[in-house]
> 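If you scroll down you'll find the structure; I have some questions about it.
Both counts, for ligands and for their atoms, begin at 1 and track the order of listing. Since we're looking at a predicted model, the values are computed, not measured.
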Amino acid sequence: MSRVLATTPALGRTPLPTGLDPARLPRHVAVIMDGNGRWASRRNLPRVMGHREGVEALKRTLRLCSDWGIGSLTAYAFSTENWNRPGEEVSFLMTLFERVLARELQALEQEQVRIRFLGDLSPLPNGLQQLIADATARTAANTGIHFNVCTNYGSRAELVLAAQRLAERAAAGQLAPAEITEELFAAELHTAGEPDPDLLIRTSGERRISNFLLWQLAYAELHITDVLWPDFDEQAMLTALLDYQRRERRFGGVDPLA
Ligand code: FPP
């Protein structure tokens, strides 16, 4: 059996490192997987080899999050702006998504991962759309980690769509504008039902949000690392979580001990 969550077969789960407090783990981790192209260029490889290796890093990260009891992992796989990349790179990515999904679906099912793809999926190739629909349906009742893959995702477009849906309900007389709350708004986002991410990890040293989860990241702690995404491993994840656990989260309030 191929384990989706492991490249190390039959070793079982990776135990939580002793330095981490199990009671203070993030419930939801979001990742901007940056640096695939640079990883490949530094090795004189074509950029797309970086994406292939990036898939391995994503599987590693999903396995660690699952093993360590993190409830949700949301990864930025393809942004609405990524269509502007060279045509060959875009088609490579679409084919890569198809292959990975087809290859890993059985293991995702067995390991209780619930996978969802967030974004406007309509411009994706038909074969990929079908695989996505199948994977979503077959894992919908799974009880393990929630794995969200943001694909053709843009946060501003997501916010506009939410506003349109609420405006339609208001225009139809089903909702008074004053009744729109943060909860109602969040329920119209692709992430409806997920807690907001507590931690955002961005690799390769870039310090940008890049139109990712603008609403949902309102109170997230940010961890920026110079590690390139294909090199993101257990040590890098541990460093991110230790950094997170050192932060004092106030959500706009004050430190009661200060
Ligand atoms: C950016 O690196 C990374 C991407 C465009 C993401 C590629 C997608 C995956 C690795 C995961 C696919 C996942 C599934 C579930 C099928 P970059 O090309 O921007 O790197 P650079 O900044 O060095 O050029």
Side-chain angles (χ1 to χ4, degrees), residues 2-7 29-66 72-109 111 113-119 121 124-125 127-136 138-139 145-154 200-213 224-233 236:
S2 89
R3 274 195 81 202
V4 66
L5 305 181
T7 39
V29 172
V31 280
I32 301 181
M33 310 180 285
D34 202 6
N36 292 348
R38 274 164 285 171
W39 182 92
S41 304
R42 283 180 197 175
R43 288 164 176 74
N44 289 319
L45 294 168
R47 287 177 52 80
V48 294
M49 296 304 283
H51 297 316
R52 260 201 0 209
E53 211 51 40
V55 171
E56 297 308 313
L58 184 55
K59 284 162 59 179
R60 266 197 307 274
T61 306
L62 177 60
R63 169 173 57 92
L64 286 173
C65 288
S66 172
S72 307
L73 174 68
T74 299
Y76 206 177
F78 194 88
S79 75
T80 44
E81 290 72 38
N82 285 155
W83 297 107
N84 300 325
R85 293 188 172 211
E88 317 85 74
E89 184 171 338
V90 170
S91 7
F92 180 93
L93 280 168
M94 294 299 145
T95 309
L96 182 71
F97 294 171
E98 284 187 27
R99 290 212 183 120
V100 171
L101 252 192
R103 194 174 67 211
E104 306 288 358
L105 178 56
Q106 201 186 2
L108 285 168
E109 279 187 288
E111 298 193 22
V113 176
R114 193 203 73 179
I115 191 168
R116 288 202 303 178
F117 287 77
L118 313 186
L121 308 179
L124 302 178
L128 179 56
Q129 286 190 48
Q130 276 162 24
L131 280 165
I132 288 176
D134 189 37
T136 308
R138 279 167 57 178
T139 66
I145 189 167
H146 292 180
F147 180 33
N148 303 310
V149 186
C150 293
T151 312
N152 193 29
Y153 174 87
L200 170 70
I201 300 171
R202 180 161 192 157
T203 55
S204 93
E206 308 290 349
R207 293 161 185 269
R208 287 188 292 275
I209 299 290
S210 299
N211 202 15
F212 188 48
L213 303 176
I224 312 268
T225 171
D226 287 334
V227 171
L228 302 179
W229 178 251
D231 291 327
F232 195 83
D233 58 7

> With distance as the sole test, does Asp134 use its side chain to make a donor-acceptor pair with the main-chain N or O of Leu131 at under 3.5 Å?
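Not a single qualifying donor-acceptor pair exists.
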> Evaluate Arg47 for polar contact with ligand 1, using N/O atom pairs at a separation under 3.5 Å.
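Yes, there is a polar N/O contact under 3.5 Å.
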> Below 4.0 Å from any atom of ligand 1, is there a heavy atom belonging to Arg85?
yes
> Take Leu200 and Ile32 through the test side-chain contact (heavy atoms from CB on, under 4.5 Å) and record every step on the way to the result.
CA-CA 8 Å; Leu200 170 70; Ile32 301 181; 3.9 Å; yes
> Take a 6.0 Å sphere around CZ of Arg47 and say whether it holds more than 12 heavy atoms from other residues, nucleotides or ligands.
yes
> What I want to know is whether Asp34 and ligand 1 share at least one N or O pair that is separated by under 3.5 angstrom.
yes
> Output yes when a side-chain donor or acceptor of Ser66 lies under 3.5 Å from a complementary backbone atom of Leu62, and no otherwise.
no
> Among all the protein's non-hydrogen atoms, which is closest to atom 6 (C) of ligand 1, and how far away is it?
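Ranking protein heavy atoms by distance from atom 6 (C) of ligand 1, first comes Ala77 O, 3.3 Å.
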> Quick check with a 6.0 Å cut-off and a 45 degree axis cone: is Arg43 positioned over the face of Trp39's six-membered ring?
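So Arg43 does make the cation-pi contact.
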> Looking only at non-hydrogen atoms, find the nearest pair between Gly54 and Asn36 and report the distance.
CA-OD1, 4.1 Å
> Restricting to non-hydrogen atoms, name the atom on Asn82 and the atom on Val90 that form the minimum distance, rounded to 0.1 Å.
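Closest pair (atom of Asn82, atom of Val90, distance): O-CG2, 3.6 Å.
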> I'd like to check which ligand 1 atoms, numbered from 1 as shown, lie under 4.0 Å from a non-hydrogen atom of Arg38.
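Selected atoms, number and element: 21 (P), 22 (O), 23 (O).
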> Does Glu206 approach ligand 1 within less than 4.0 angstrom via side chain, backbone, both or neither, non-hydrogen atoms only?
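Neither; no heavy atom under 4.0 Å.
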> Under 3.5 Å between any N/O of Phe147 and any N/O of ligand 1: does that happen in this structure?
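No; every N/O pair is 3.5 Å or more apart.
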> Please determine if Tyr76 has a nitrogen or oxygen closer than 3.5 Å to a nitrogen or oxygen of ligand 1.
no
> Starting from atom 16 (C) of ligand 1, what is the nearest protein heavy atom, named by residue and atom, and what distance separates them?
Phe97 CD2, 3.4 Å
> Can you list every ring-ring contact (aromatic ring centres under 6.0 Å, His included) pair that touches residues 74-95, not counting sequence neighbours?
Tyr76-Tyr153, Tyr76-Phe212, Phe78-Trp83
> side-chain contact (heavy atoms from CB on, under 4.5 Å), that's the test. Do Val31 and Thr203 meet it? Break it down for me.
CA-CA 8 Å; Val31 280; Thr203 55; over 6 Å; no
> Answer whether the closest heavy-atom distance between the side chains of Glu89 and His51 falls below 4.5 Å.
yes
> Of all the atoms in ligand 1, which lie at a distance below 4.0 Å from a heavy atom belonging to Gly54?
10 (C)
> Looking at atom 4 (C) of ligand 1, what's its closest protein heavy atom, distance included?
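For atom 4 (C) of ligand 1, the nearest protein heavy atom is Asn36 ND2, 3.8 Å.
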> Yes or no: does Ser204 have any heavy atom under 4.0 Å from an atom of ligand 1?
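The answer is no, since Ser204 has no heavy atom less than 4.0 Å from ligand 1.
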> Please report which non-hydrogen protein atom sits nearest to atom 3 (C) of ligand 1, along with the residue it belongs to and the distance in Å to one decimal place.
Met33 O, 2.9 Å
> Within less than 4.0 angstrom of ligand 1, does Glu104 place any heavy atom?
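The answer is no, since Glu104 has no heavy atom less than 4.0 Å from ligand 1.
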> With heavy-atom distances below 4.0 Å as the criterion, list the atoms of ligand 1 near Gly35.
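Those qualifying, in numeric order: 2 (O), 20 (O), 21 (P), 22 (O), 23 (O).
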> Does only the side chain of Leu58 get under 4.0 Å from ligand 1, or the backbone, or both, or neither? Count heavy atoms.
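Within the 4.0 Å criterion, Leu58 contacts ligand 1 through side-chain atoms alone.
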